[in-house]
Amino acid sequence: MDLYSAVSGLVNWVVGGLFGLVEGLGLRGPVVVFLRDLYGSLEHAIITAVVAILVLVVGLLMVVLMLWIERKLIGRLADRRATMLGIRGIGRGTGAIQLFADAIKLFVKEDLAPKKADRHVFAAGPSILVASSVLVLVAIPMSEGFAASDLDGGLIFAMAVFGFAPFAVFLSGWSANNKYTLIGGMRSATQMISCEIPFLLSLVGVVILAGSFRLVDIVHMQGELWFIVLQPIAFVVYFIAMISEIERIPFDLPEAEAELVEGWQTEYSGLKFAFAMMSGYIRGYVGCALGVLLFFGGWSSPVPAYSVALPWGGEFSGPVPELWFLMKVLLLFMVLVWVRAALGRVRVDQIVNLGWKRLLPLALFNIALTVAFLIFAPELESDTLAMGVAFSVPSLFLVAMFWKWGWFR
Amino acid sequence: MIGWDLLFFIIFAAVALISAILTLEAREIVHSVIFLCSTFVGVAGLFFLLNAEFLGIVQILIYVGAVTVLIAFAIILTRRDIMQREGGGA
Amino acid sequence: MTQMWLNMGPQHPATHGLWDLFVRVDGETIKEAQTKIGYLHRGVEKIAENRTVEKFLPLNDRLCYVANSSWTTLFVMGVEELLEVTSPERAQYIRVIVLELQRIASHLVWLGAYCSDMGLLTMILWAWRDRELMLDLFQFLTGARIMHNFPRVGGVRNDLPPTFRERALKAMDYMDRMCDEYELICGRNELFVMRTKGIGALPLDRAIALGATGPMLRASGLERDVRKEDPYLVYDRLDFKVPVGRNGDGWDRYTVRLEETRQSVSLVRQCLQKMPEGDVMIPGFKMPKVLPARAVYRRAEDPRGEGAVYIVGDGKTNRPYRLKIRSPTYIHLLGIPHYIVGARVSDVPIIMGGADPCMAEVDR
């Protein structure tokens, strides 16, 4: 059952119940008839809106959860006592209230803009950023049913909208009329130019193997073997380029707080800053979700199929696929947090070098490898294990050798 | 009664046309880039409306995502001074 | 590309104090740099001329908020040389312990700030966490965590507390372990190496020409340490190595300072072992009413380089006629605009941090 039919069933049940109640009370007349007609013509729009809100709410809840996990985890990695213990009082020890306190603080703060800023563009920057980040959520299915849309080109749509943020960052950096924000915006453009192409090319191998741009198809193709085994190089390139796309340490050059105060966010305060920060985490969620969909089998269960008879009848055969998906996303996000705690920030010329001289050849090489295997060893396709070994061993060996030669430096 | 299709066609076409005019009219070069971007978005919307999903996606991917950033990058590389007004400094 | 003048200071997260640096950038590359010094000027040297030596002692702690005791000890050593008195041996050992603990604490602060300049925020928390141990030891020994005001003309204020030795040895063992861990998170960190190797490189001849001393000079490859070549206190009786770098870039500055931390740990251990029993003040010593009409120049190895005091007595009062403080970072900072040109904006905090600026001491 997909999300639309479930939601439309629910909405129709509620609305039908309401109308039944109204008519049961004996209220009949032109107004009720008009309302019924209105509902009939707007039914599709209402259901779409409910689905959209549902997807958005799930995305935002994930953002809150990721923020909380990041704070807790980085607190432990960096030995910060306060985040480890949480605030005393309400929500003792979990520190969950802190997130909402931060949100409330940002919402009630005064919204300042520099005097000489280009006000419209200044306000448009974070808005475009959040809009484009949220738009990606449309393309991301959480399971076969739980998807807002099922585009044939879902993957490429997600990539297209995902790559839109640097422009918004550049706009906000330019509009604040501040030198630090301007340099931050310039860096964002530079970073996008250097990492967007390897980012897209790293997916080509996966798409060739899956034979489709539909994310549901890609996940189905990983039923027996996750693509991380078949495409290790693609995952390395994807992961590095994804960190650069979502602008986290080690690639958070546009907001490098050491030299650029707060980069392109310097002049933002209050709600706009909250938007900027929120979009960063939404993009983090989207990046991790795409990584899970493409390389870690999406919502498929990592454990072999099993079923346990429950004492109250029925049987339990693992949690719902959406839960597996979210758990995998959070695990991948924890790797990001770990990277953040362990690494510093690269320089601008280094990220250009990395993108053009390291990641791009690697991604192209991966495509060539994939095509070569499909051409010269098509009989391997029937045996997943042999295929996995044949793909991953040479690729991993190659990556290890590159690492050893200091090629990534 | 106007159909949804027509309504959205008018919206997207208007966005594309007005932004195209504003691209030429804007005084700040960065504003021109913004309007150019919005023109591309309008055209992508038209493609979606014509059920050419893939074309629309590629329009967003290449024109909105890449070309505008490339133009912005070109502005950075060529202009000596792209701050709107000189905001002080030594 | 876009050219503009960019302020890196005084109110800027990159500066480790209130230092003005203006850089003219072409896109990201620095074409020109200017520096301005004196934002934090307090006229400490002039204040000294109007105060007796005892009254000026606590102000020495305020010279540098990271390595307080090293300046007080230096001033006290200068005054002792002026008065031609020698403090008891035990006091000298205690002073060395305080100096070396101070060096460890100072280098930890530097390491944390240096790493946070390149976004490695884990390190700043680790370094400051371990610095707390040094501060705890200071609190145990002197009663204060930052402003100790511990050395006195003719000795030190008090003897070691009863269990200080055990606590200090325990802390030193911990520091030895942690130095290896810093090596893991910084030295073996690909990104740390990427960001520091070749950044702000200062060849030996230029380092000498710009008047660099201390870790900055040693990173460029000259083995020069005041503790070795002009031994003061009991450094000639202690065994330690002077680490030396090769290229004088950010990486060498890191390795030199980390190795110095290790050497300081071993120095504290040696002091605690070799320390004789006895007085910590010259018995019956009283500060004379008149400073002799002479001038002394005493130098010492500050954590940042070669610090020195030049004290002139006038033979009439117990106030110095003139006090001149030579601050090593003052000279390092004035050199930075010369070798920062050609670097990127991202390198500014690393080059700046490599000099380990302590603005209170620079602007005095």
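Each chain gets a letter, A, B and so on, in the order its sequence line appears, and its residues count up from 1. Only a predicted model underlies this, so the values are computations on that prediction, with no experimental measurement involved. Values below: all heavy atoms of this structure, side chains included; hydrogens, waters and symmetry mates excluded.
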Quiz prompt | Structural part of A:Leu77 lying under 4.5 Å from a heavy atom of chain C | solution = backbone
Exercise. Search all heavy atoms of A:Val346 against all heavy atoms of C:Leu191 and return the closest pair with its distance.
Key: CG1-CD2, 2.9 Å
Exercise. State, yes or no, whether a side-chain contact exists between A:Val348 and C:Arg344 at a heavy-atom distance under 4.5 Å.
Key: no
Quiz prompt | Any donor-acceptor pair under 3.5 Å from A:Gln350 side chain to C:Met194 backbone | solution = yes
Quiz item: When you look at OH of C:Tyr330, are more than 12 heavy atoms from neighbouring residues, nucleotides or ligands closer to it than 6.0 Å?
Solution: no
Practice problem: Before accepting this row, confirm whether a basic side-chain N of the pair C:Glu28/A:Arg347 lies closer than 4.0 Å to the acidic partner's carboxylate O. | Solution: no
Quiz item: With C:Glu181, which residues qualify under side chain to side chain donor-acceptor pair (under 3.5 Å), at least two apart?
Solution: none
Quiz item: Hey, which residues of residues 260-268 of chain A are touching chain C, say heavy atoms under 4.5 Å apart?
Solution: A:Leu260, A:Val261
Quiz prompt | Closest contact, heavy atoms only, C:Thr122 versus A:Ala78 | solution = CG2-CA, 3.7 Å
Quiz item: Got a donor-acceptor contact below 3.5 angstrom from the C:Asn189 side chain to the A:Leu343 backbone?
Solution: no
Self-check item: Where A:Tyr180 and C:Met8 come nearest, the two heavy atoms and their spacing
Solution: OH-N, 4.5 Å
Quiz item: Any sub-3.5 Å donor-acceptor pair from C:Arg195's side-chain atoms to A:Arg345's backbone N or O?
Solution: yes
Self-check item: Under 4.5 Å from any heavy atom of chain A - which part of C:Leu184
Solution: neither
Quiz item: Taking C-beta and beyond as the side chain, do C:Met4 and A:Leu182 meet within less than 4.5 Å on heavy atoms?
Solution: yes
Practice problem: Side-chain contact test, heavy atoms from C-beta onward, threshold under 4.5 Å: evaluate it for C:Ser346 versus A:Arg187 and give yes or no. | Solution: yes
Exercise. Could you tell me which portion of A:Ala256 (side chain, backbone, both or neither) has an atom closer than 4.5 angstrom to a non-hydrogen atom of chain C?
Key: neither
Self-check item: Interface moiety of C:Val348 toward chain A, non-hydrogen atoms closer than 4.5 Å
Solution: neither
Exercise. Pick whichever of C:Ile350, C:Leu121, C:Ile124, C:Asp347 has the most heavy-atom pairs under 4.5 Å with chain A.
Key: C:Asp347
